[in-house]
Amino acid sequence: MRVAEDIIGKEVLDSSATIIGKVKDIEVNLGTRKIEAIVIGKGGISESIGISKEENVIPYDMVKQIGDKILLKENIDEPGLETQELGL
């Protein structure tokens, strides 16, 4: 899927332009062929060598803009924040 190739690896910034990680994967609804969520890795050296399993799943409706980087509509302040905790 070309969209996945374009998004995976981009840095994700919260609304105050703080880097919160990089896109590791995307979740797509195969019925509607629309992106449902982006999966963000925490980053760091353990992420780059593939031993870190920490990630956040961010609903796609939280994405404000996609360009060279991905900008979110709201801050994500807490590590390990689940989408249910965000009230989505």
Side-chain angles (χ1 to χ4, degrees):
M1 178 177 266
R2 183 161 172 81
V3 172
E5 294 170 2
D6 291 341
I7 294 176
I8 293 174
K10 287 187 184 269
E11 288 184 327
V12 179
L13 289 75
D14 65 14
S15 60
S16 60
T18 301
I19 297 172
I20 60 171
K22 287 188 177 183
V23 178
K24 287 177 63 173
D25 201 0
I26 61 172
E27 294 180 4
V28 177
N29 180 321
L30 296 178
T32 62
R33 300 178 69 176
K34 293 187 178 186
I35 298 172
E36 296 285 323
I38 57 175
V39 179
I40 301 172
K42 298 282 183 145
I45 188 71
S46 58
E47 175 78 21
S48 64
I49 60 175
I51 61 172
S52 174
K53 301 293 183 205
E54 293 186 40
E55 56 189 33
N56 283 327
V57 178
I58 307 297
Y60 189 70
D61 60 356
M62 285 188 61
V63 175
K64 181 176 183 178
Q65 181 178 350
I66 298 177
D68 292 337
K69 300 181 186 305
I70 297 175
L71 181 62
L72 300 180
K73 294 178 184 175
E74 300 176 19
N75 287 336
I76 299 177
D77 296 325
E78 302 195 26
L81 194 61
E82 298 293 329
T83 55
Q84 293 81 14
E85 294 172 329
L86 293 171
L88 301 172

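Residue numbers count from 1 along this sequence.
Using a 4.5 Å cut-off between side-chain heavy atoms of Ile, Leu, Val, Met, Phe, Trp and Tyr, with links allowed through other members, Ile40 and Ile19 fall into different hydrophobic clusters. Both Met62 and Ile8 belong to a single network of hydrophobic side chains, linked directly or stepwise wherever heavy atoms of I, L, V, M, F, W or Y lie under 4.5 Å apart. A chain of hydrophobic side-chain contacts below 4.5 Å, direct or via other Ile, Leu, Val, Met, Phe, Trp or Tyr residues, connects Val28 to Val12. Hydrophobic clustering (side-chain heavy atoms under 4.5 Å, transitive across Ile, Leu, Val, Met, Phe, Trp, Tyr) groups Ile58 together with Ile26.
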Verify side-chain contact (heavy atoms from CB on, under 4.5 Å) between Leu72 and Ile20, making sure each step is shown before the conclusion. CA-CA 10 Å; Leu72 300 180; Ile20 60 171; 3.6 Å; yes
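Closest heavy-atom contact between Asp61 and Lys73: O-NZ, 2.9 Å.
Atom CD1 of residue Ile38 and atom CG of residue Asp25 lie 11.0 Å apart, to the nearest 0.5 angstrom. The CG atom of Asn56 sits 10.5 Å away from atom NZ of Lys24, with the distance rounded to the nearest 0.5 Å.
Every residue two or more places apart in sequence or in another chain that forms a side chain to side chain contact (heavy atoms under 4.5 Å, CB included) with Ile66 is listed here: Ile7, Lys10, Tyr60, Val63, Ile70. Under the side-chain hydrogen bond (donor to acceptor under 3.5 Å, both in side chains) criterion, Lys64 pairs with no residue at all, not counting sequence neighbours. Glu11 pairs by the salt bridge (Lys or Arg N to Asp or Glu O under 4.0 Å) definition with Lys69, not counting sequence neighbours.
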